[in-house]
Q: 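Let me begin by handing over the structure; questions about it come next.
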Amino acid sequence: MFVSDCISINEKGHLTVGSADTVELAKKFGTPAYVFDENEIRGNLRAFRNSIEDNYGGNGLVCYASKAFSCKEIYRICMQEGTGVDVVSGGELYTALSVGFPAENIVFHGNNKTPDELLMAVGNGVGRIVVDNLTELETLNGIASASGKTVGIMLRIKPGVDAHTHDFIKTGQIDSKFGFALETGEALEAVKAAITMPSLKLRGLHCHIGSQIFDIDPFELAAEVMLGLYKQIKDETGYEFDELNLGGGFGIKYVDGDTPIPYGEYMKNVSAVVRAETEKHGLKMPFILIEPGRSVVGAAGLTLYTVGAVKKIPDIRTYVSVDGGMADNPRYALYGADYQIICANKANEEKNMTVTVAGKCCESGDLIQENAPLQSVEAGDILAVLSTGAYNYSMASNYNRIPKLPVIMVNNGEARTVVRRETYEMVASCDV
Ligand SMILES: *Cc1c(COP(=O)(O)O)cnc(C)c1O
């Protein structure tokens with residue numbers, strides 16, 4: 001019925017998340033607001049950890065891809081659950097370090113890290129910097145030599161695997177801004193350069209083939225391609241890697257018909273490929289890193305809005321306008337993302353309307369969803385948009401000078417604020 005396991009309906013007919021009544025949450029914390037179920041997040045992290053434990057003898061590390069949802073509390077949760085994190089900017093790195101996240105378990109990504117960001121990562125002892133290109137490799141080598149440290153790196157490779165997903169979020173193919181191409185020999189060249197740099201320790205290679213992927217095959221193929229490259233590198237240079245980073249991209253359920261891979265299945269199949277390929281090529285079994293982002297937090301979060309105007313345009317459509325929009329959820333405007341939407345205070349009622357849910361921004365494209373089935377709503381009702389835990393808060397903007405939403409964390413019915421709502425003063429705070 002609901003796309004997310006942590007969602008239910010209580011005796012009042014109200015929608016609940018993590019056993020908390022969303023109508024009460026809207027009253028207490030105001031709308032619009034993001035709400036997360038903490039147990040769902042922790043459960044997902046544990047499921048990924050256990051999958052490595054059960055299928056690969058625990059010889060690996062789950063690194064939560066924090067661009068999906070980044071704030072101090074999520075880094076604390078990852079720390080408590082014993083996972084690593086991946087960061088893609090100085091801001092994410094700063095936030096992780098600010099709560100004492102162990103730098104050795106931080107993986108630093110990005111296709112154009114600035115020298116300042118690299119300096120910050122080296123200075124703080126980040127365990128693995130994933131180098132994207134030759135310019136970065138040279139810059140980093142310079143920074144590392146000057147610091148007198150040996151810096152752990154991986155190289156990002158485009159394995160050329162088509163992940164059957166939306167074009168905008170497909171990153172493993174040759175025409176991508178991320179990483180070194182395999183087909184052109186660029187990857188091999190980068191490896192050869194990196195192993196001659198005395199201040200850099202090349203721990204392994206990385207690939208990330210896309211996002212919101214529902215098939216296991218492309219992941220298996222990527223692992224096979226990467227280990228083929230490991231073999232080629234060993235043959236040509238004698239160098240053998242200790243680690244292999246297989247990225248993230250596991251799909252989640254946004255609407256009925258989405259069929260996520262059970263996390264255990266993924267690791268079971270992929271570790272079988274890793275075993276078979278290392279054996280075939282006479283390589284040592286690498287320490288494995290995986291980087292789930294969306295699948296850790298996506299279905300654990302929802303957004304609550306209050307309905308304002310309901311505009312019925314005869315024979316055309318009905319616009320239901322809410323007190324948020326593309327500033328807190330740009331995903332529909334960006335790539336037509338699907339969502340399940342429920343009227344939280346009428347969750348038991350039948351959905352007998354088809355509506356377009358619109359935001360309050362001055363932009364016609366500011367929509368949360370078109371042609372969405374919904375209960376019969378009126379001004380003052382509370383809407384819940386499900387599975388907004390990933391790439392919503394983290395992609396939010398202050399368009400129209402709208403203050404960013406708070407993040408409320410629910411644990412067994414108890415709710416607390418983990419990110420406060422922005423005020424108008426905060427929105428204007430950098431203005432001179
Ligand atoms: C975005 C990203 C991830 C996480 O992707 P999800 O689809 O959210 O799981 C992992 N690794 C890298 C390098 C990424 O860029």
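We're numbering straight along the sequence, starting at 1. In each ligand, atom 1 is the first atom listed, and ligand 1 is the first ligand listed.
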Q: When you compare ligand 1 with A68, is there at least one nitrogen or oxygen pair between them that comes in under 3.5 angstrom?
A: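 Between A68 and ligand 1, no N or O pair is found under 3.5 Å apart.
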
Q: Walk me through it: do R416 and E38 pass the test salt bridge (Lys or Arg N to Asp or Glu O under 4.0 Å)?
A: CA-CA 11 Å; R416 66 185 192 279; E38 185 172 358; 2.9 Å; yes

Q: I'd like to know if E236 and K192 make a salt bridge, using a cut-off of under 4.0 Å between side-chain N and carboxylate O.
A: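 Salt bridge: yes.
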
Q: Which of the numbered atoms in ligand 1 are below 4.0 angstrom from a heavy atom of G248?
A: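 Those atoms are 9 (O), 10 (C).
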
Q: For ligand 1, which atoms, with element, lie under 4.0 Å from some heavy atom of H109?
A: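 So the answer, numbered in order with elements, is 13 (C).
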
Q: Is there a donor-acceptor pair under 3.5 Å between the side chain of E117 and the backbone N or O of G90?
A: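 Yes, the answer is positive, given that a donor and an acceptor are paired below the 3.5 Å cut-off.
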
Q: Report the member of H208, E291, K67 with the shortest heavy-atom distance to atom 2 (C) of ligand 1.
A: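 Considering heavy atoms of H208, E291, K67, the nearest to atom 2 (C) of ligand 1 sits in K67.
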
Q: For Y339 and Y254, take the angle between the two ring planes, folded into 0 to 90°, and tell me which bin it lands in: parallel under 30, tilted 30 to 60, perpendicular over 60.
A: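 Y339 and Y254: perpendicular rings.
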
Q: Is it true that Y34 and F69 have ring centroids separated by less than 6.0 Å?
A: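 Y34 vs F69: aromatic centres not under 6.0 Å.
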
Q: Of all the atoms in ligand 1, which lie at a distance below 4.0 Å from a heavy atom belonging to H206?
A: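 Matching atoms, with element in brackets: 13 (C).
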
Q: Considering both backbone and side-chain atoms of G293, is one of its nitrogen or oxygen atoms within less than 3.5 Å of a nitrogen or oxygen in ligand 1?
A: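 Indeed, backbone or side chain, G293 has an N or O that close.
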
Q: Out of curiosity, is Y391 lining ligand 1, as in a heavy atom under 4.0 Å away?
A: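 Yes.
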
Q: Check this for me: does any side-chain nitrogen of one of E92 and K113 sit under 4.0 Å from a carboxylate oxygen of the other?
A: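 No, E92 and K113 are not salt-bridged.
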
Q: Counting each atom of ligand 1 from 1 as listed, which ones have a heavy atom of S211 under 4.0 Å away?
A: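 Going through ligand 1 atom by atom, the ones under 4.0 Å from S211 are 6 (P), 7 (O).
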
Q: Looking at R294, which atoms of ligand 1 are within less than 4.0 Å of one of its heavy atoms?
A: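 Answer, ordered by atom number: 6 (P), 8 (O), 9 (O).
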
Q: Side chain or backbone of D86 under 4.0 Å from ligand 1, or both, or neither, by non-hydrogen atoms?
A: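 For D86, only side-chain atoms sit under 4.0 Å from ligand 1.
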
Q: Should you measure from each heavy atom of R156, which atoms of ligand 1 turn up under 4.0 Å away?
A: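 In order of number, 13 (C).
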
Q: Relative to each other, are the rings of Y239 and F241 parallel, tilted or perpendicular (30° and 60° limits)?
A: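 Perpendicular: the ring planes of Y239 and F241 meet at over 60°.
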
Q: Picking from F250, Y56, Y266, Y64, what satisfies ring pair (Phe, Tyr, Trp, His ring centres under 6.0 Å) with F48?
A: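 The residue from F250, Y56, Y266, Y64 that satisfies ring pair (Phe, Tyr, Trp, His ring centres under 6.0 Å) with F48 turns out to be F250.
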
Q: Under a 4.0 Å N-O cut-off, is there an ion pair linking D242 with K284?
A: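 Between K284 and D242 there is a salt bridge, with a charged N closer than 4.0 Å to a carboxylate O.
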
Q: For S295, is the nearest heavy atom under 4.0 Å from an atom of ligand 1?
A: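 No, that is not the case, since the closest heavy atom of the residue is not under 4.0 Å from the ligand.
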
Q: Which is closest to atom 9 (O) of ligand 1 by heavy-atom distance: A65, G249, A390?
A: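 Shortest heavy-atom distance from atom 9 (O) of ligand 1: G249.
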
